[in-house]
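Data block below; observations after.
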Amino acid sequence: MTPHRPRPPRLAVAALAACAALACMNAGAQQEPRPAAGLSTTTWTPDNGNGTFTNPLFYDEFSDPDLIRVDDWFYLTGTTMHAMPGLPILRSRDLVNWEFLGYAVDKLDFGPAYRLEDGKSIYGQGIWAPSLRYRNGTFYIFSNVNGRATQIFTATDPRGPWTRREMKRSLHDLSVLFDDDGKSWVVWDHQRTRIAQLTDDLTDIVPGTEKVLFAQDAGMGEGAHIYKIHGKYYILSANYAGGFRMPAARADKVDGPYEVNQAISRDEDFGMAQGYRLKDNKTPTAIVPPDPSARNADSLHQGGIVLTPAGEWWGFSMQDFNSVGRLLSLAPITWKDGWPYFGLPGNLGRNPRTWVKPKTAAPSAIMVPYARSDDFSGTKLQPVWQWNHVPVDGQWSLTERPGFLRLHALPATSFWQARNSLTQRAIGPRSSPTVTLDASGLADGDVAGLALLNLPYATLGVEKTVGGLLLALYDQARASTVRVPLPPGATRVMLRADCDFLTEQARFSWSTDGKEYTPIGEPFTMVFQLTTFQGVRYALFNYNQGGKPGGHADFDSIDVYQPDPHGLTRAIPYGQRIRLKEWKTGIALQRAPVAVKDMGLGRVALQSGAAWVSVDAKGGVALRKGRPGLGESFQWIETPTGELVLMSLATNRFLRIDPATHALRADSPGPLPDGSDGVRFTW
């Protein structure tokens with residue numbers, strides 16, 4: 001196994017490092033410097049500050065999303081699996097800037113596996129695939145739970161409190177429709193889509209109403225979302241056969257017959273290549289490196305659509321962004337022939353990574369749902385935190401030592417089985433959690449510190465032994481531990497993980513003064529796998545390896561530093577002359593540098609001499625004199641790995657230099673991960 005990742009992003013990462021001092025967004029923000037003192041407060045925002053946004057909406061996991069509008073507010077929830085509390089509720093005015101409201105469930109405890117007892121766990125299980133709905137003043141979330149019937153959560157205020165009850169059967173990947181005649185319907189199942197009417201109390205199916213809508217080979221897959229739009233019924237779903245895509249079906253009656261459109265969204269991966277994987281999703285030492293020639297099999301899929309108060313339709317869906325997890329993206333919807341296609345005219349089924357924000361009556365302030373750095377000065381945990389499984393109350397505290405999170409050590413065979421591990425989702429594209437730990441309260445056999453919760457996982461902790469305190473880095477992929485003694489008398493230590501989710505490599509270091517950090521161990525490879533069914537999580541932990549309760553660990557703070565918190569790592573060079581080159585071949589767009597004119601909304605026109613680079617309706621490119629207009633306008637977009645792509649507003653397709661003929665055209669639907677299509681540029 002090698003830390004080198006043989007794919008285009010490696011070159012992009014080098015480019016990112018070279019432009020570290022350049023602006024991140026049009027509003028003039030710079031790449032975020034690591035604070036000399038205090039905690040980092042800047043985090044990823046999709047809002048570019050210029051009327052546009054860049055996907056993903058959150059650069060941390062938000063999987064199996066469901067989104068609705070109630071009056072002028074949009075509400076959103078998603079899968080949380082084994083993490084507690086579960087089912088976050090977010091709201092927004094503009095679909096781009098989101099506010100955290102609360103969780104629908106504080107904890108869900110259905111036995112020892114939920115509590116990491118008796119060697120059992122619910123990794124990759126728990127709460128998943130929710131359906132969020134609203135009717136007559138009440139919010140509903142219908143959610144699957146492994147080994148149980150479907151759960152129903154209800155509240156009149158989305159902030160809570162929420163009540164829970166259980167249906168009489170389990171409905172895989174369900175979606176509920178409250179029809180305008182007062183009846184309630186549910187669609188569900190995997191590969192074979194079923195439908196039935198629900199009883200008035202919503203806990204069961206009305207006898208005689210259940211039927212199979214689509215056979216297994218109909219291509220509708222799973223993850224259904226059902227809607228009624230202008231008198232017609234629509235079902236959107238996800239299908240992974242032949243590469244993830246979003247099919248749709250429509251009918252005049254709720255129970256059919258339905259006609260199927262096999263792909264209203266397909267192949268959109270923003271140019272991301274598939275990363276490291278486990279060979280069998282179970283063996284942490286069997287890591288399969290990326291194939292640089294393969295497309296990301298998990299393009300945007302599983303989501304739905306929503307209508308704004310301004311009359312615009314927007315789509316939402318998720319994509320596996322490798323080890324950081326499954327991320328949520330937003331797309332304009334184009335209706336054609338009665339079908340809601342993700343994307344723009346001329347390029348249906350594809351999402352622009354950067355596009356104009358939804359229209360609203362008033363502008364929304366830039367906001368993010370979570371503060372990620374924490375000094376534990378409050379009396380309750382910040383909403384970014386979730387426990388790994390159900391916590392043991394009384395064995396953790398924010399008040400025993402004010403200003404610290406105290407974790408008491410409980411016995412565990414490994415970090416995987418350690419109870420009261422406190423987690424937050426890792427955030428990309430790059431981030432570095434630094435944890436300050438007071439280890440003076442550890443007892444013999446205790447180990448406490450910072451972990452990357454995943455499979456494989458890695459832990460950087462302080463071990464208490466009869467000989468004193470040791471730093472210990474455990475790499476599950478290598479099944480090895482590197483130990484270093486702490487300096488004599490040192491009990492306060494800073495533990496850091498520098499995580500790059502583009503190369504999927506993490507490097508660990510430590511410090512006792514917070515100024516000089518000493519590397520420890522080899523780079524750790526992060527992967528996406530289906531055992532936890534989540535991306536990497538940053539975790540604070542303390543457990544006793546000797547099979548008995550131990551002492552306590554006091555965590556002073558966690559600082560999550562993000563150098564690239566915006567969709568642009570370099571400011572658009574308005575008013576400057578730049579030389580654009582196709583990044584793989586080095587072929588120049590024009591012989592001489594081009595001047596960059598601001599066309600508004602993150603768009604540019606490119607001037608060569610006295611003329612402008614111009615695109616016709618068929619994607620042909622030429623130089624044209626005169627005032628630049630639509631044909632001369634390009635949306636300035638970065639791929640997730642930092643290269644520039646230019647989307648023509650004349651075709652809604654991307655400018656490219658043909659690798660074979662070197663001809664310039666604007667006909668590409670989007671960048672290929674291996675860069676073989678001539679779409680990516682450097683400047």
Side-chain angles (χ1 to χ4, degrees), residues 60-63 79-86 113-116 120-127 275-276 278 281-285 287 321-326 370 372 374 381 384-392 396 405 407 410 412-428 431-435 437 447-461 472-479 481 495-501 504-508 521 524-543 553 555 558 560:
D60 58 330
E61 185 159 80
F62 206 102
S63 56
T79 286
T80 45
M81 296 292 182
H82 48 275
M84 305 289 173
Y114 286 76
R115 301 189 294 269
L116 283 174
K120 300 177 180 178
S121 73
I122 56 162
Y123 283 113
Q125 302 179 46
I127 301 169
Y276 291 93
L278 289 185
N281 282 307
K282 294 180 181 179
T283 308
T285 56
I287 296 178
F321 256 60
N322 299 326
S323 57
V324 78
R326 299 182 292 170
Y370 307 108
R372 300 181 185 278
D374 195 351
L381 290 170
V384 72
W385 293 110
Q386 293 174 290
W387 297 100
N388 179 22
H389 292 64
V390 177
V392 183
W396 69 274
L405 166 70
L407 296 180
L410 295 168
T413 56
S414 69
F415 166 69
W416 190 254
Q417 288 296 134
R419 306 189 65 187
N420 280 10
S421 293
L422 188 63
T423 76
Q424 60 170 278
R425 294 173 298 279
I427 186 163
S431 58
S432 301
T434 302
V435 170
L437 168 66
V447 56
L450 168 68
L452 302 183
L453 174 56
N454 196 24
L455 188 75
Y457 62 79
T459 60
L460 177 58
L473 174 64
Y474 176 70
D475 182 335
Q476 191 187 26
R478 293 184 172 92
T481 304
L495 309 171
R496 176 174 291 174
D498 290 307
C499 300
D500 187 332
F501 292 99
E504 298 193 286
Q505 300 296 298
R507 288 173 168 81
F508 292 90
F524 172 71
T525 298
M526 302 177 288
V527 306
F528 182 77
Q529 36 65 48
L530 303 183
T531 298
T532 68
F533 228 126
Q534 291 182 329
V536 172
R537 284 184 167 247
Y538 303 143
L540 310 181
F541 69 93
N542 182 24
Y543 67 95
F555 293 89
I558 181 172
V560 181

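What you see is a predicted model; the values in this text were computed from it and never measured.
If you check the side chains of Ser431 and Tyr538, you find a donor sitting under 3.5 Å from an acceptor. Side chains of Glu504 and Ser323: a donor-acceptor N/O pair is present below 3.5 angstrom, by distance only. In the model, Arg326 has no side-chain atom that pairs as donor or acceptor with a side-chain atom of Gln534 under 3.5 Å. No hydrogens or angles considered: a donor-acceptor pair under 3.5 Å links the side chains of Asp498 and Ser432. A donor atom on one side chain and an acceptor atom on the other are found under 3.5 Å apart for Thr525 and Gln505.
Considering Trp416, Phe533, Tyr114 as possible partners of Tyr123, the one that fulfils the ring pair (Phe, Tyr, Trp, His ring centres under 6.0 Å) test is Trp416.
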Can you list the steps and then say if Val324 with Val536 is a side chain to side chain contact (heavy atoms under 4.5 Å, CB included)? CA-CA 6 Å; Val324 78; Val536 172; over 6 Å; no
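Counting heavy atoms from C-beta outward, Asn420 and Trp387 have side chains that approach closer than 4.5 Å. Within the 4.5 Å cutoff, the side chain of Arg496 has no heavy atoms near those of the Pro433 side chain. Leu278 has its side chain within reach of Ile287: a pair of non-hydrogen atoms, C-beta onward, lies under 4.5 Å apart. Side-chain contact between Val447 and Tyr543 is present, with at least one heavy-atom pair separated by less than 4.5 Å. By the 4.5 Å heavy-atom criterion applied to side chains, Ile427 and Val560 are counted as neighbours. Within the 4.5 Å cutoff, the side chain of Phe501 has no heavy atoms near those of the Asn322 side chain. The shortest distance between side-chain heavy atoms of Glu61 and Arg537 does not fall below 4.5 Å.
Rounding to the nearest 0.5 Å places CG of Asn388 at 10.5 Å from CD of Gln386. Rounding to the nearest 0.5 Å places CG of Leu540 at 7.0 Å from CG of Leu407. Distance CG/Leu381 to CD/Gln424: 11.0 Å, rounded to 0.5 Å. Going from atom CZ of Phe541 over to atom OG of Ser414 covers 10.5 Å, rounded to the nearest 0.5 Å. To the nearest 0.5 Å, atom OG of residue Ser421 and atom CZ of residue Phe415 are 4.5 Å apart. With values rounded to the nearest 0.5 angstrom, Leu410 atom CG is found 11.0 Å from Leu116 atom CG.
Residue pairs meeting the salt bridge (Lys or Arg N to Asp or Glu O under 4.0 Å) criterion with at least one partner in residues 524-533, sequence neighbours excluded, are absent.
Minimum heavy-atom separation, Gly86 to Ile127: CA-CD1, 4.5 Å. In plain terms, the two heavy atoms of Phe528 and Gly535 that are nearest each other are CE1-N, 4.4 Å. Considering every non-hydrogen atom in both Ala553 and Asn542, the closest pair reads N-ND2, 3.3 Å. Heavy-atom minimum distance, Thr285 versus Ala477: CG2-O, 3.1 Å.
The closest donor-acceptor contact from the side chain of Asp374 to the backbone of Ile558 lies at 3.5 Å or more, if one exists at all. Formation of a donor-acceptor pair under 3.5 Å by the Asn281 side chain with backbone atoms of Thr531 is not found in this model. Formation of a donor-acceptor pair under 3.5 Å by the Arg115 side chain with backbone atoms of His389 is not found in this model. When atom types are taken as modelled, the side chain of His82 and the backbone of Gln125 share no donor-acceptor pair closer than 3.5 angstrom.
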Could you pull out every donor-acceptor pair under 3.5 Å between side chains of residues 450-460 and any protein atom, sequence neighbours left out?
residue : atom : partner : partner atom : Å
Asn454  : OD1  : Gln529  : NE2          : 2.7
Asn454  : ND2  : Val527  : O            : 2.8

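Salt bridge annotation for Asp60-Arg372: present, with a cationic side-chain nitrogen under 4.0 angstrom from a carboxylate oxygen.
Looking at residues two or more places apart in sequence or on another chain, you find no ring-ring contact (aromatic ring centres under 6.0 Å, His included) involving Phe524.
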